[in-house]
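Have a look at the structure below before the remarks.
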Amino acid sequence: MATATSSSHACWSYDDPGALEAYAKEFLRAGLAAGERVWYVPGPRSTTVTDWLRSAGPTVSRPDAMRIIAWQDAYAAGQVVDPGEQIAAYAAVTQAALADGFTGFRVVADVTELVRTPEQRDAFARYEFAISRYMGVAPMRALCTYDRRELGAQVVGELACLHETSFASDVPFQLYPGRTAGEAVLDGELDMAGEDLFGEALWRTDLEPVGGEMTVDARGLHFVDHRSLLTLQRYARARRATVVVRTGLGSAVRISELLELPDVRVELVR
């Protein structure tokens, strides 16, 4: 599983914002030290990071290196986020940072207000997966934060699992983009407790078959049960493609052979 320092796209859900704000300052400080432009999009109850950024302003060599942005200005306020449009907006911000001589762009954003309704959540979950693909090839890094007191653990889980890394979310797996539009990376564990969550997350990846196949890089998967392989079979059948699962779990190969899944091929890799 990706670590806090290696991942471009992380998620932090919180009950007490204290630990989050300490990490957010560390995350933004690292961006400034790396020569990146940084944005902070605070939640309604956040003051510590905002105060820190304002106090740090005089010590920063360039006044345009950091900004505090209202979430209504960073996203479509009160609306359902359009994944393509939002990615294009952040891509433009990243390109502007590069044009201004920065090494990249990073943002900490509290996006609790953007996932209140089921329609908002579905669109934003698809966006979360898709923006990871952009960050895989562009100099952008992001920490998305969600207030668990407002949303509840179930809602947070739907979103947290679609990041490379998640903090304090208790999700059993992470599902995020691979190198191509037809590839996803799967880390963690898949068992009965996460069956429904995995099904929802898989549908939100919108993987594009390449040569009739979609690939799941599951080398970071530590456990998988037969229900999860059946979920992959249903997804593959609906997409009229073959899902190729690459994993180091010999048990996954044996289960797939017993199930005789026509549209899922499990390959053992070392």
Side-chain angles (χ1 to χ4, degrees), residues 1-2 6-9 82-88 90-91 94 122-140 158-159 161-165 171-191 194-270:
M1 185 176 292
S6 68
S7 62
S8 298
H9 191 202
D82 181 287
E85 291 181 5
Q86 189 60 48
I87 292 169
Y90 268 138
T94 303
D122 182 65
F124 207 82
R126 295 176 188 276
Y127 159 74
E128 290 282 37
F129 186 85
I131 191 69
S132 280
R133 192 177 303 284
Y134 172 72
M135 285 188 276
V137 298
M140 174 183 172
E158 292 180 33
L159 300 150
C161 70
L162 293 168
H163 293 72
E164 289 181 62
T165 307
V171 291
F173 66 87
Q174 306 295 148
L175 183 66
Y176 53 96
R179 293 169 297 178
T180 71
E183 181 178 358
V185 180
L186 180 61
D187 298 335
E189 297 184 354
L190 289 176
D191 56 21
E195 180 182 357
D196 292 340
L197 181 63
F198 178 56
E200 290 178 349
L202 192 60
W203 280 104
R204 287 164 168 166
T205 63
D206 295 322
L207 294 179
E208 299 176 9
V210 177
E213 294 185 348
M214 299 173 290
T215 302
V216 176
D217 181 349
R219 287 174 293 176
L221 197 65
H222 307 304
F223 177 82
V224 63
D225 68 359
H226 72 282
R227 296 176 184 85
S228 299
L229 292 177
L230 289 171
T231 297
L232 284 167
Q233 167 60 33
R234 290 191 291 271
Y235 181 72
R237 178 63 58 86
R239 299 300 300 275
R240 298 182 179 180
T242 297
V243 171
V244 180
V245 181
R246 298 195 171 106
T247 178
L249 294 173
S251 59
V253 176
R254 293 191 292 274
I255 292 171
S256 68
E257 291 172 346
L258 289 171
L259 293 174
E260 298 182 346
L261 303 174
D263 303 304
V264 175
R265 186 172 76 250
V266 181
E267 298 179 352
L268 189 64
V269 295
R270 300 298 184 186

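Residue indices begin at 1 and follow the sequence shown.
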Seminar exercise, completed: NE2 (His9) and OG1 (Thr165) are apart, to the nearest 0.5 Å, by 10.0 Å
For this session: Would you indicate whether the side-chain heavy atoms of Pro83 and Glu128 approach each other to under 4.5 Å?
Result: no
For this session: Kindly determine whether Glu158 and Arg204 satisfy salt bridge (charged side-chain N to carboxylate O under 4.0 Å, His left out), including the steps that lead there.
Result: CA-CA 10 Å; Glu158 292 180 33; Arg204 287 164 168 166; 3.1 Å; yes
Review item, side-chain donor-acceptor pairs of residues 238-245, under 3.5 Å, at least two apart:
| residue | atom | partner | partner atom | Å |
| --- | --- | --- | --- | --- |
| Arg239 | NH1 | Leu207 | O | 3.0 |
| Arg239 | NH1 | Tyr235 | OH | 2.8 |
| Arg239 | NH2 | Leu207 | O | 2.4 |

Problem set entry | Test log, rule side chain to side chain contact (heavy atoms under 4.5 Å, CB included), inputs Tyr127 and Asp82 | CA-CA 8 Å; Tyr127 159 74; Asp82 181 287; over 6 Å; no
Exercise. Does the pair Phe223 and Asp225 meet the rule for a side chain to side chain contact (heavy atoms under 4.5 Å, CB included), with working shown?
Worked result: CA-CA 7 Å; Phe223 177 82; Asp225 68 359; 4.1 Å; yes
Check residues 247-260 and write down every donor-acceptor pair under 3.5 Å in which the side-chain atom is one partner and the other belongs to a residue at least two apart or another chain.
| residue | atom | partner | partner atom | Å |
| --- | --- | --- | --- | --- |
| Thr247 | OG1 | Leu249 | N | 3.0 |
| Ser256 | OG | Ala252 | O | 3.3 |
| Ser256 | OG | Val253 | O | 2.7 |

Exercise. Does atom CD of Glu189 have more than 12 heavy-atom neighbours from other groups under 6.0 Å away?
Worked result: yes
Problem set entry | Polar side-chain atom of Asp217 near backbone of Arg219 as donor-acceptor pair, under 3.5 Å | yes
For this session: Output yes when a side-chain donor or acceptor of Ser228 lies under 3.5 Å from a complementary backbone atom of Val224, and no otherwise.
Result: no
Exercise. Given Ser8 and Glu164, is the side chain to side chain contact (heavy atoms under 4.5 Å, CB included) satisfied, shown in steps?
Worked result: CA-CA 7 Å; Ser8 298; Glu164 289 181 62; 3.8 Å; yes
Problem set entry | Distance, nearest 0.5 Å, that separates CG of Asp263 from CD of Glu213 | 11.0 Å
Exercise. Rounded to the nearest 0.5 Å, how far does CZ of Phe124 lie from CG of Leu162?
Worked result: 11.5 Å
Exercise. Taking all atoms of both residues into account, what is the closest heavy-atom pair of Leu197 and Pro172, and its distance?
Worked result: CD2-CD, 4.1 Å
Problem set entry | Which atom of Leu232 lies closest to which atom of Leu202, heavy atoms considered | CD2-CD2, 3.7 Å
Exercise. Tell me, do His226 and Leu229 make a side-chain contact under 4.5 Å, heavy atoms counted?
Worked result: no
Seminar exercise, completed: Taking every heavy atom of Ser132 against every heavy atom of Pro177, the minimum-distance pair comes out as CB-CD, 3.3 Å
Problem set entry | Approximate separation, where rounding is to 0.5 Å, of Ile87 CD1 and Ile131 CD1 | 4.5 Å
For this session: Evaluate salt bridge (charged side-chain N to carboxylate O under 4.0 Å, His left out) for Glu267 paired with Arg265, printing each intermediate quantity in order.
Result: CA-CA 6 Å; Glu267 298 179 352; Arg265 186 172 76 250; 3.0 Å; yes
Seminar exercise, completed: Note: Gly178 and Arg133 closest approach over all heavy atoms is O-NH1, 3.4 Å
For this session: Would you kindly say whether Asp187 and Tyr176 are connected by a side-chain donor-acceptor distance under 3.5 Å?
Result: yes
Exercise. Does the pair Leu186 and Phe173 meet the rule for a side chain to side chain contact (heavy atoms under 4.5 Å, CB included), with working shown?
Worked result: CA-CA 7 Å; Leu186 180 61; Phe173 66 87; 4.0 Å; yes
Seminar exercise, completed: The reported gap from NE2 in His163 to CG in Leu175 (rounded to nearest 0.5 angstrom) is 12.0 Å
For this session: Working to the nearest 0.5 Å, report the span between CD of Glu183 and OG1 of Thr205.
Result: 12.0 Å
